[in-house]
Amino acid sequence: MGEGTATLLWMRRDLRLSDHPALGAAIARGGPVIPVFILDDLAETLGAAPKWRLGLSLEDLARRLEAMGSRLILRRGDATQTLRALVAETGAGAVYWSRAYDPDSVARDKAVKAALKQDGLDARSHEGHLMFEPWTVETGTGGFYRVYTPFWRAVKERGVPEPEPAPSHIPAPKDWPLSDALEDWRLAAAMDRGAAICRPYQRVGEDAAQGRLGWFTGHAIGAYDTARDLPAEDGTSGLSENLALGEISPRRCWHAGMRALHEGKPGAETWLKELVWREFAYHLAWHTPRIVNRNWREDWDAFPWNEDEDHPHVIAWKQGRTGIPFVDAAMREMYVTGRMHNRARMIVASYLTKHLLSHWRIGQKWFEECLTDWDPASNAMGWQWSAGSGPDATPYFRVFNPETQVQKFDPKSRYLDRWIAEGRRNPTDTALSYFDAIPRKWGLSADDIYPEPIVSVKDGRAKALAAYERRGF
DNA sequence: TTGGCCTTGGG
DNA sequence: CCAAGGCCA
């Protein structure tokens with residue numbers, strides 16, 4: 001590898017051009033830069049909604065690269081083999097990427113790095129997906145934080161690098177390697193019925209994300225402290241889908257939030273804390289990889305969860321037919337839009353794991369199937385927080401009451417009206433759209449009778465608390 | 001070692 | 001008012 005050899009920029013969850021240290025390093029290295037996305041096992045096995053959303057992001061990124069004389073090379077297969085093949089085809093001397101922190105990605109990247117280094121290549125991972133590297137945040141005794149608030153206190157005064165602008169030019173190779181056609185990957189295949197309905201709810205790509213960040217920190221963040229709790233309001237940043245795919249960097253969000261804080265806008269600190277929750281989730285995944293698929297507190301293995309995904313209660317939960325309006329509205333919002341309001345996520349998670357006594361992994365898997373903002377670390381941490389099995393989790397006896405929650409956070413039933421059609425004289429278009437988004441085989445119609453609760457708020461709470469009292473730990 | 005404390009609640 | 005175990009300094 002000498003001066004002027006090409007650098008492969010292996011892109012994954014960093015689908016942006018600004019504030020991208022790996023891209024910056026690739027350009028600084030001097031030779032041509034070849035951006036590549038590989039549809040490997042990890043991408044291939046994404047849930048239906050995040051896989052489809054990934055395709056939208058890749059389409060946008062490719063267009064932006066082409067506009068500046070570059071390209072996005074698409075390849076399918078094992079990451080190591082594919083990168084080796086590309087090195088052979090292009091004579092590249094280096095492969096750069098943005099570091100990932102979830103266990104599956106870490107395992108893959110370790111293998112890739114070892115193989116490429118063995119080939120004598122400059123194989124290097126870079127920062128950018130997080131604001132703080134997991135190994136740099138330690139408690140007084142040298143461990144990692146298991147409780148959020150001390151974690152927050154440990155990082156909030158740290159400096160976060162200012163976001164870098166996008167490069168004005170990305171040096172192109174004389175000859176581009178061949179690329180797959182994005183359409184041939186059929187990333188929308190599992191979304192066939194719902195995709196057209198879901199599409200208008202997506203804000204795709206770096207420009208859209210930065211525009212939204214500007215609107216949010218400029219006009220909405222001041223009301224964030226209260227508006228963020230109201231599922232019928234557009235009171236949150238809504239940037240989770242962009243952060244999940246790296247269409248925007250957390251550093252850029254941090255600095256926009258800090259500016260709002262310095263301008264004295266009241267909700268700014270609360271929002272900065274939310275950005276740090278994302279960090280916390282990734283740090284936990286990095287320090288305790290089991291968080292993504294096992295009870296983080298192992299004594300919860302003894303808890304008598306229902307683990308049957310085909311249990312009628314679970315099916316009703318997934319289909320938004322529990323008979324509990326707030327729960328059903330939320331599940332339908334997710335199916336139609338690919339997102340779900342934060343407060344609603346807590347309520348459906350509480351209902352599944354407590355009233356229905358079903359394992360959090362069932363919910364985790366369904367969210368992975370349905371959420372366009374799906375993120376391995378946040379999803380795992382959120383579910384274990386709700387279930388009570390995770391770090392700094394809500395105590396198990398703290399059972400959300402979905403009726404009380406409606407009174408508090410949706411008193412005019414705007415959220416319920418938006419998503420529930422059955423039994424309404426004039427159902428809203430959004431509520432009706434649910435029945436066009438769902439698979440026909442579910443056999444549901446807007447003319448159905450709205451179900452009675454499969455498990456009442458009162459009985460479910462009592463049963464959950466009883467199961468917790470009887471637990472063997 | 002000890003004591004203050006812990007995202008989002010219920011009744 | 002309740003609930004609690006464990007984290008962190």
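These numbers come from a predicted model, not from an experiment. Every chain is numbered from 1, with letters handed out A, B, ... down the list of sequences.
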- [ ] Can you tell me which stems involve DNA chain B, if a stem is defined as three or more consecutive Watson-Crick or G-U wobble pairs, both distances under 3.5 Å?
- [x] B:2-6 with C:5-9
Task: side chain to side chain donor-acceptor pair (under 3.5 Å) involving A:D328 - partner list, sequence neighbours excluded - done: A:T322, A:Y450
Open item on the list: Angle between ring planes, A:Y101 versus A:H129, binned at 30° and 60°: parallel, tilted or perpendicular?
Closed with: parallel
Task: Carboxylate-amine/guanidinium contact A:E162 A:R251, below 4.0 Å - done: no
Open item on the list: Taking the six-membered ring of A:F144 as reference, does the cationic atom of A:R146 (NZ for Lys, CZ for Arg) lie under 6.0 Å from its centre and within 45° of its axis?
Closed with: yes
- [ ] State whether A:D109 and A:R12 are salt-bridged, where the test is any N-O pair (Lys NZ or Arg NE/NH1/NH2 against Asp/Glu carboxylate O) under 4.0 Å.
- [x] yes
- [ ] Before accepting this row, confirm whether a basic side-chain N of the pair A:E233/A:R228 lies closer than 4.0 Å to the acidic partner's carboxylate O.
- [x] no
Close N/O contacts between protein and nucleotides 3-5 of chain B (under 3.5 Å):
none

Open item on the list: Classify A:R297 by what it touches in the nucleic acid, base, sugar-phosphate, or nothing, heavy-atom distance under 4.0 Å.
Closed with: sugar-phosphate
Open item on the list: Taking the basic N atoms (NZ, or NE/NH1/NH2) and the acidic carboxylate oxygens, is any pair closer than 4.0 Å for A:E44 and A:K51?
Closed with: yes
Task: Charged N-O contact under 4.0 Å between A:R321 and A:E452 - done: no
Open item on the list: Considering every strand and a 4.0 Å limit on heavy-atom distances, what is the contact class for A:Y396: base, sugar-phosphate, or nothing?
Closed with: nothing
Open item on the list: Would A:W360 and A:W383 count as a ring pair (Phe, Tyr, Trp, His ring centres under 6.0 Å) here? Give the steps.
Closed with: CA-CA 6 Å; A:W360 57 266; A:W383 274 98; 7.9 Å; no
- [ ] Apply side chain to side chain donor-acceptor pair (under 3.5 Å) to A:S240 and list each qualifying residue two or more places apart in sequence or on a separate chain.
- [x] A:D373
Task: Test item: side-chain donor near acceptor, A:S57 and A:E247, under 3.5 Å - done: yes
Open item on the list: Please report whether the ring centroid of A:F326 lies less than 6.0 Å from that of A:F409.
Closed with: no
Please produce a list of atom pairs where a protein N or O lies less than 3.5 Å from an N or O of nucleotides 8-11 of chain B.
unit_1 : atom_1 : unit_2 : atom_2 : d
B:dT8  : OP2    : A:R398 : NH1    : 2.9
B:dT8  : N3     : A:N342 : OD1    : 3.4
B:dG10 : OP1    : A:N401 : N      : 2.4
B:dG10 : OP1    : A:N401 : O      : 3.4
B:dG10 : OP2    : A:Q405 : NE2    : 3.4
B:dG10 : OP2    : A:K408 : NZ     : 3.3
B:dG10 : O3'    : A:R461 : NH1    : 3.3
B:dG11 : OP1    : A:R461 : NE     : 3.2
B:dG11 : OP2    : A:N401 : ND2    : 2.9

TODO: Take the angle between the ring planes of A:F151 and A:Y145 and call it parallel below 30°, perpendicular above 60°, tilted in between.
DONE: perpendicular
Open item on the list: Please identify the 5'-most and 3'-most nucleotides of DNA chain C with any atom under 4.0 angstrom from a heavy atom of chain A.
Closed with: C:dA3 to C:dA9
